[in-house]
Structure formats: C-alpha cells, structure tokens
Amino acid sequence: MTRLVALVPAAVCAAALGREWPHDLDSQVRCIDEGARSLRLAYCCPPRSDEAQDPDAVAAGLVRTPGALPVLGVVTGPLSSELLSGIHPRGGEHAGSSPIQDVQELLDDASDTAVDRLRSLGACGVRRAAVVEPAMEPLVDEDAAAEAHRPLLNAAAHLRIDLVLVASSLDDVASLGYEDSASGLGCSPGLGFLPADAFDSAAALERGLDRIRAAGNPSEAITAPLDAAVSPDLVRHAARVLSGEDARP
C-alpha cells in the first residue's frame with residue numbers, strides 16, 4: 001500500500017467538501033482536516049500565506065485537533081525562483097556589485113527566510129515538513145546550493161523536525177544533504193513522486209501512477225505543490241488507487 005502525500009492548497013480541501021474556503025479560524029481548521037480526509041491523504045497541510053490571515057494559528061489548531069491527520073508543513077526552499085527573483089543574469093542588482101555577490105546575498109536571505117518558516121512550524125507543533133525546490137537558478141552552483149540548505153538541516157535537527165526534500169527537477173538532489181527526497185529524477189527508498197502535471201488529466205494521472213507502481217509501490221508518493229485549480233476527484237482517485245482501495249482500469 002502506498003499513501004498519498006499531496007501538497008494541496010486549502011482551497012482544494014474546501015472543494016473536496018463542496019464548500020467555499022471559510023474565513024474564521026475554527027472553520028479553516030475543520031475544513032482542512034475534513035477535506036484532507038475526504039481526499040484520502042496521509043497528511044494535511046497548513047494553508048498557504050495568501051489563504052489565511054494567520055496560517056500558523058491554523059497549523060497549531062490542526063496539530064491540537066484530537067484524531068486529526070498529522071500535519072505536513074511546507075517550506076519554500078532557498079533556491080526557488082520565488083525567493084531569488086531579484087537575480088539579474090546580465091549583471092548585479094545594485095550598482096557596483098557583481099552577480100555573484102548579489103546571488104550570495106539573496107541566497108543568505110532566502111535561507112534565513114526558510115529557516116524562520118521552519119521554526120514557526122516547529123512552534124506550532126509540526127514535526128514533519130516538505131522543503132520545496134522546483135529547480136535551481138543557473139547562477140547558483142552546487143556548493144552554494146548545499147551551503148544555503150545547511151541552516152535548514154541544522155534547524156530541523158535542533159527542532160526535531162523530519163524533512164523531506166521535494167525537488168521537481170534539480171539535477172543533483174543528493175548534494176543538498178537530505179536523507180529523504182522525492183524528485184522527478186529519482187527518490188529515496190520508500191518514496192515516490194508525482195509531478196504537478198500528472199493531475200492535468202485522468203490519462204496523465206494514470207501514467208504517473210504507472211510510474212509509481214513500476215518503482216515498486218513505495219510507502220509514500222509525494223506530489224509537487226498543486227495549485228487551487230486541481231481536481232479533487234483526481235487527487236482522491238490517486239489516493240484510492242495507490243492504497244489499493246480502487247482497482248486499476
């Protein structure tokens with residue numbers, strides 16, 4: 001049996017229940033808990049920063065809910081284009097600076113931001129988190145990438161938070177130092193990976209599930225971050241097929 005760990009926004013949990021995403025804290029906690037259960041997921045994820053006024057309060061509420069699914073925090077990795085959006089390939093961001101200097105400054109800031117997010121999740125009682133890295137900025141070399149992730153690994157060890165690296169298309173995941181990783185280019189033992197585009201259609205999902213099965217039915221299949229438009233029915237179908245609840249066509 002393979003459990004599905006889907007990195008879904010809160011809106012997908014609401015859609016799975018046929019509801020609008022609520023505005024008050026208690027209703028948001030219930031919506032994510034009940035929605036993640038409806039989707040047959042192994043974990044629930046706190047809302048993203050643009051979905052709730054206080055995502056950490058929702059995360060803490062989920063952790064405190066008796067019998068709720070375990071909570072998987074989501075941390076944007078320091079190499080992501082979202083955090084390194086200030087890099088200019090043709091020159092430094094600031095007058096008189098070099099691209100390398102700008103990259104290092106941005107990496108340091110992005111690493112600090114990622115560590116702060118991990119600490120916030122730890123304070124909420126979250127004990128497992130996915131560090132998401134879609135791809136590496138071309139101006140970042142492997143040594144700098146590993147150095148940017150080291151503070152995250154150190155903080156996780158101190159906070160006793162288990163990390164899994166979800167890296168859609170990084171070429172060298174191993175160099176970043178994570179014990180557990182899931183990527184389109186390879187996974188740690190016991191893990192499988194479903195890219196976001198596997199949920200574009202039923203046919204694409206079946207191809208993705210076939211790849212998971214060919215990998216030997218790992219204990220968990222982790223998705224790349226999914227957007228709010230993803231079909232709850234496809235997510236639910238993936239979970240049911242992976243668990244063996246639904247027979248393959």
Side-chain angles (χ1 to χ4, degrees), residues 2-9 41-46 48-49 59 70-84 103 106-122 126-199 208 211-212 215-216 218-227 242:
T2 300
R3 304 186 304 165
L4 180 62
V5 181
L7 307 188
V8 296
L41 301 182
Y43 289 81
C44 61
C45 295
R48 298 173 185 178
S49 59
V71 180
L72 179 74
V74 180
V75 177
T76 301
L79 310 182
S80 77
S81 58
E82 176 185 339
L83 295 180
L84 295 179
V103 169
L106 288 166
L107 278 175
D108 290 344
D109 290 344
S111 183
D112 289 345
T113 298
V115 169
D116 287 345
R117 181 67 193 132
L118 187 66
R119 286 175 176 157
S120 294
L121 290 167
V126 174
R127 288 296 169 257
R128 192 184 187 203
V131 178
V132 176
E133 290 287 19
M136 190 160 69
E137 169 65 41
L139 288 178
V140 179
D141 62 32
E142 291 180 4
D143 289 342
E147 189 63 29
H149 273 267
R150 188 167 291 113
L152 260 176
L153 294 166
N154 291 340
H158 176 71
L159 296 167
R160 298 183 180 178
I161 295 176
D162 293 328
L163 295 184
V164 55
L165 178 66
V166 181
S168 301
S169 58
L170 284 179
D171 290 331
D172 187 8
V173 172
S175 67
L176 298 182
Y178 289 78
E179 290 186 10
D180 294 323
S181 63
S183 165
L185 301 177
C187 299
S188 299
L191 297 179
F193 178 73
L194 282 169
D197 59 13
F199 294 87
R211 287 191 290 270
I212 296 291
S219 59
E220 289 184 348
I222 303 178
T223 74
L226 305 178
D227 64 33
L242 289 167

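A quick note: this is a predicted structure, and the numbers were derived from the prediction, not measured.
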With sequence neighbours left out, what residues match [X] under side chain to side chain contact (heavy atoms under 4.5 Å, CB included)?
{"X": "A130", "result": "L7, L72, V164, V166"}
{"X": "D112", "result": "none"}
{"X": "A215", "result": "none"}
{"X": "S181", "result": "L165, V173, S188"}

Name all residues meeting the side-chain hydrogen bond (donor to acceptor under 3.5 Å, both in side chains) criterion together with [X]; count only those two or more places apart in sequence or in a different chain, and write none if there are none.
{"X": "R119", "value": "none"}
{"X": "D108", "value": "Q104"}
{"X": "S175", "value": "D172"}

Taking S111 for the side chain and P78 for the main chain, is one N or O donor matched with an acceptor at less than 3.5 Å?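 Here the side-chain-to-backbone pair does not exist.
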Do the side chains of V132 and T76 get nearer than 4.5 Å, heavy atoms only?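 They are not in side-chain contact.
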Checking [X] now: which residues fulfil salt bridge (Lys or Arg N to Asp or Glu O under 4.0 Å) with it, not counting sequence neighbours?
{"X": "R211", "result": "none"}
{"X": "E220", "result": "R3, R128"}
{"X": "R48", "result": "none"}

So, using ring pair (Phe, Tyr, Trp, His ring centres under 6.0 Å) as the criterion, who are the partners of Y178 when residues are at least two apart?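 For Y178 the ring pair (Phe, Tyr, Trp, His ring centres under 6.0 Å) partners, ignoring immediate neighbours, are H149.
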Assess whether side chain to side chain contact (heavy atoms under 4.5 Å, CB included) is satisfied between T223 and L4, documenting all intermediate values. CA-CA 8 Å; T223 74; L4 180 62; 3.9 Å; yes
If you look only at pairs with a residue in residues 151-164, which of them pass as a side chain to side chain donor-acceptor pair (under 3.5 Å), with sequence neighbours excluded?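 Residue pairs passing side chain to side chain donor-acceptor pair (under 3.5 Å), neighbours aside: none found.
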